[in-house]
Structure formats: C-alpha cells, structure tokens
Amino acid sequence: MKAAVHIGGPASAGPDLQELLGLVARGDQNAFSQVYDAVGGSVLGLVRTVLRDPAQSEEVAQEVLLEIWRSAARYQPSRGSAMTWILTLAHRRAVDRVRSAQAATDRERRAALLERTPAYDEVTEQVDARLEREQVRRCLRALTELQHESVTLAYYRGLTYREVAELLSVPLGTVKTRLRDGLIRLRDCLGVCA
Amino acid sequence: MNTGDLHLLTGAYVLHALPPGEHADFERHLPGCPSCSEEVRELAATTGKLASAVAVVPPPVLKQRVMARVAAERQAPPVVPRQSRRGGTRRGRALSRFALAASVAAAATFGSVALWQYQEARDARDAAQRTEGRAADLASVLAAPDAKAVSGGFAKGATGTVVVSRTLDKAAFLASGLPNPPEGKVYQLWFADGGSMRSAGLMDVSGTTGAAVMEGPLDGASGIGITVEPAGGSAQPTSDPLALMTLPA
Ligand SMILES: [Zn+2]
C-alpha cells in the first residue's frame with residue numbers, strides 16, 4: 001500500500017463548519033453566508049457533475065443549500081463531519097433528481113454515459129482546491145479499472161449498482177464488492193478520517 | 001438477504017447506489033453494527049473528497065438567490081423545544097416568530113412581487129389568526145404590506161430585527177439568542193427621537209427569543225434601543241443599550 005496523501009488533514013482549515021452550522025441552526029444568516037462560501041462550490045460542482053444540465057444543477061444546488069439552512073439543527077456530529085453531512089445531502093438530492101428524470105430520458109442518458117465524458121470539466125481556480133483535485137485523481141488512478149469505473153459511475157453519474165453492473169457487464173455481487181473495496185482503497189490513499 | 005451480505009453494502013450505501021428496498025434493509029442493519037457504522041462514516045467522508053474534487057466557482061447570482069430565499073425560509077424547530085407557550089398549537093409554535101419577521105424583512109427588502117412573498121404574508125396572517133392578543137398585534141405589524149425590517153447582531157451572538165410599518169405607525173422588535181435578564185431586571189425597549197429616548201415598553205424573553213410590538217407611535221423616531229432595567233422598567237434608560245438600531249426608512 002502506498003503512503004497516504006493527507007488532504008488538509010482531518011479538520012480542514014478555515015471556518016469551523018460545525019460551529020457555523022450551530023449558529024445557522026439558531027437563524028444566523030451571517031453564519032450561513034460563511035457556510036455557503038465554504039461549501040457552495042463543492043455542492044454545485046457535485047450536482048452539476050451528476051446532472052450535467054447547468055440550469056437544473058443550479059436549481060438543485062439552491063434547494064440543497066436551502067435545505068442546509070432549514071435543517072441545520074438536525075445535523076448530528078456523531079454521524080460525521082459537517083462537510084460530509086452537506087455533501088451527502090447534495091449527492092442524495094442530485095441522485096434523486098437524475099433518477100426522477102430517468103424514465104423519460106433513460107435511453108439518451110445511457111448513450112451519454114457510454115461516451116464516457118470526463119466527470120470533471122469546469123473547476124475552481126483556488127490553489128488548494130486544485131491540489132485536492134489532483135490528489136483525488138491520483139488516488140482514483142491507483143484503483144483497479146473495475147473499481148474506478150464502478151465508483152465513478154455510481155458517484156459522479158448517480159447509477160445504482162444494478163445499472164453499473166449492466167453497463168459494465170459484470171455480476172451484481174462483483175459491483176457491490178468493488179464499490180466497497182474501491183472506496184476503502186481511496187480512503188486509505190487519501191488518508192481520510194471519519 | 002443474510003447479514004454477511006449486508007456488511008458488504010457500506011460502499012454502495014454511501015454512494016446512494018442501492019435500490020430503495022436494500023437501502024432500507026441496510027439502514028435497519030446499521031445502528032446495530034458498529035463495524036458498518038464506522039466504515040460508513042469513513043467511506044462517506046471519502047465520497048466527500050470526490051465531491052471536493054469537482055468543485056466549481058459558483059456564479060455570484062446563485063449566492064444572491066440563496067441568501068434572498070434564506071431570509072424568507074422557516075427553519076426546522078430546534079431539537080429541544082423547552083417550555084410550551086400558552087395557547088400555542090404545535091403548528092403555531094413551529095412557526096417561529098423570528099422566522100416570520102425574517103420573511104417579512106425579506107419581502108420588504110426584495111420589493112418585487114413574487115409568489116413566495118405572497119405566501120409568506122399569507123402565512124403571517126394565518127399565524128395572527130391562530131394566536132391572540134399581543135401576538136396578533138405582532139403578526140399584524142409583521143404582515144403589514146409596507147413592513148420593512150433591518151437586522152443586526154449585538155452582544156454575544158444575539159441578533160435583533162426591527163420591523164416597521166409606517167401605515168400602522170408601529171414597530172416591532174424581535175430578538176434571538178438573548179439570555180434571560182438578570183434576577184430582578186427586565187429588558188426595556190426605547191424609541192430614539194433625536195437625542196432623547198422614549199420608552200416603548202418591556203419585552204419578555206422566554207427561551208432566548210423575545211418579540212414585542214413597541215408601545216406608542218413611531219412619530220419622529222429614527223431608531224430603537226434595548227436596555228436592561230430594574231423590574232417594572234424605567235422612565236429613562238439607566239444602563240447602556242445592548243443594541244441601538246436605525247429604523248428602516
Ligand atoms: Zn454490518
């Protein structure tokens with residue numbers, strides 16, 4: 001196993017998101033503005049990666065951010081970091097949207113998937129974010145081909161493991177396992193702490 | 001599905017790649033399985049890195065839209081609702097007075113007509129009908145068509161919003177995050193008229209939230225203040241104001 005690459009350490013620099021969420025839960029709009037600055041780019045980037053459509057992505061990102069405002073009081077630190085909570089919510093909403101639109105556009109969507117367009121196109125200019133992106137790419141490259149395909153199709157395209165299995169023509173059980181061991185290898189490569 | 005299979009679903013679960021049935025099965029399994037719980041925490045944090053890797057610079061207009069909506073959105077009630085207020089229905093309590101003020105503040109600040117503003121105003125009127133007495137007066141100020149508001153932060157994380165309706169010739173003050181006043185003391189509100197302070201009555205604070213319609217007309221008031229005074233209130237402020245806010249034009 002290669003040495004872990006630590007991205008910003010377990011607690012990232014800048015404003016303490018958990019503390020800010022506590023203020024947001026009490027109606028502090030200024031704290032929310034800081035939360036927005038800290039997570040807005042990742043939320044929009046993730047939603048756009050999953051949905052592709054820019055207008056729809058902004059709409060969903062906006063809903064996610066408002067949901068953070070509304071439900072900040074429900075965040076439970078014991079379940080993970082504030083950033084993880086927010087990005088999990090963003091991914092859930094993006095996936096829900098892509099699946100609700102799926103029935104109508106299933107065929108086009110699969111065609112688009114098969115083109116294998118790169119998942120990341122427009123990226124932030126911030127240096128630390130660019131560094132982080134490079135490290136994630138490096139660690140993704142360290143996965144097996146099947147781990148890499150499975151994880152990115154599920155996460156960046158919002159596919160269920162069943163769809164991943166169909167698309168890659170591998171057994172269901174194999175995909176489930178690759179999603180898990182692929183993420184475990186990523187976790188170790190990135191030095192992620194819960 | 002047997003338990004052995006369930007342990008393998010941590011990855012698919014954090015990637016939201018499970019169909020609804022298996023997702024529910026796994027969520028039932030999770031609380032009783034410390035190793036899966038730990039793995040889910042770590043793998044979810046890992047997917048967060050995948051999200052950060054595709055971050056973009058959001059267009060500034062997105063933040064403007066979100067912040068405008070934030071000023072209007074009600075928040076989920078805090079997890080520990082303490083004292084129940086007299087006469088308040090569950091629905092009535094969930095609709096925090098502060099959120100109500102914020103919604104009207106936003107409606108006033110972002111003047112153009114939009115559906116949500118109408119809904120917020122209607123909700124405020126509904127709230128007025130559900131409550132009684134002073135609360136109804138409060139709601140009438142908050143819901144006035146010409147209501148304008150300014151918010152500001154003051155001591156130790158507390159925030160205040162003053163809402164003014166020129167047609168009603170009334171102002172309301174709402175505070176959040178205020179501690180209960182010291183033993184034997186009360187919060188008193190004041191209109192600032194030029195150089196002088198005119199009493200606008202006392203404000204009850206229960207559970208860190210206070211809201212009151214200020215007594216008396218606006219007249220020429222240019223601002224409002226809040227002070228801590230001996231029980232019963234004072235004719236003139238006897239302490240430095242905790243906050244002074246300029247009335248919206
Ligand atoms: Zn388990």
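Naming: A, B, ... by sequence-line order, numbering from 1 per chain.
For the options A/V164, A/V151, A/D37, heavy-atom pairs under 4.5 Å to chain B are most numerous at A/D37. Each of A/F32, A/W85, A/Y155 has some count of heavy-atom pairs under 4.5 Å with chain B, and the biggest count is that of A/Y155. The most heavy-atom pairs under 4.5 Å with chain B, out of A/V50, A/V47, A/L46, come from A/L46. Between chain B and the residues A/D181, A/T177, A/T88, the most heavy-atom pairs under 4.5 angstrom are made by A/T88. Ranked by non-hydrogen atom pairs under 4.5 Å with chain B, the options A/V39, A/L87, A/L66, A/L44 are led by A/L66. Looking only at heavy-atom pairs under 4.5 Å with chain A, the residue among B/T10, B/V66, B/L62, B/L50 that has the most is B/L50. Interface summary for chain A: among B/A17, B/G11, B/A12, B/P59, the most heavy-atom pairs under 4.5 angstrom belong to B/A17.
Residues A/S81 and A/L17 form no side-chain contact, since every pair of their non-hydrogen atoms from C-beta on lies 4.5 Å or further apart. Two residues are said to be in side-chain contact when any heavy atoms from C-beta on lie closer than 4.5 Å; B/I224 and B/M214 meet this criterion.
At a 4.5 Å heavy-atom cutoff, A/V175 makes no contact with chain B through either its backbone or its side chain. The contact between A/T84 and chain B is made entirely by side chain atoms (from C-beta outward), counting heavy-atom distances below 4.5 Å. Contact annotation for A/I86: neither backbone nor side-chain heavy atoms come within less than 4.5 Å of a heavy atom of chain B. Looking at A/S78, only its backbone comes within 4.5 Å of chain B, counting heavy atoms on both sides.
In terms of heavy-atom proximity, A/S57 sits nearest to A/R48 at OG-CA, 3.3 Å.
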Which is it for A/K176 and B/E22 under the salt bridge (Lys or Arg N to Asp or Glu O under 4.0 Å) test, yes or no, and what are the steps along the way? CA-CA 12 Å; A/K176 279 188 222 175; B/E22 284 177 70; 3.8 Å; yes
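Under the 3.5 Å distance criterion, the side-chain polar atoms of A/T152 are matched with a main-chain donor or acceptor of A/H148. Without hydrogens or angle criteria, A/Q147 side chain to A/T144 main chain gives a donor-acceptor distance under 3.5 Å.
Surrounding CZ of A/R79 are at most 12 heavy atoms belonging to other residues, nucleotides or ligands under 6.0 Å away.
Atom CG of residue A/L21 and atom OG of residue A/S71 lie 9.0 Å apart, to the nearest 0.5 angstrom.
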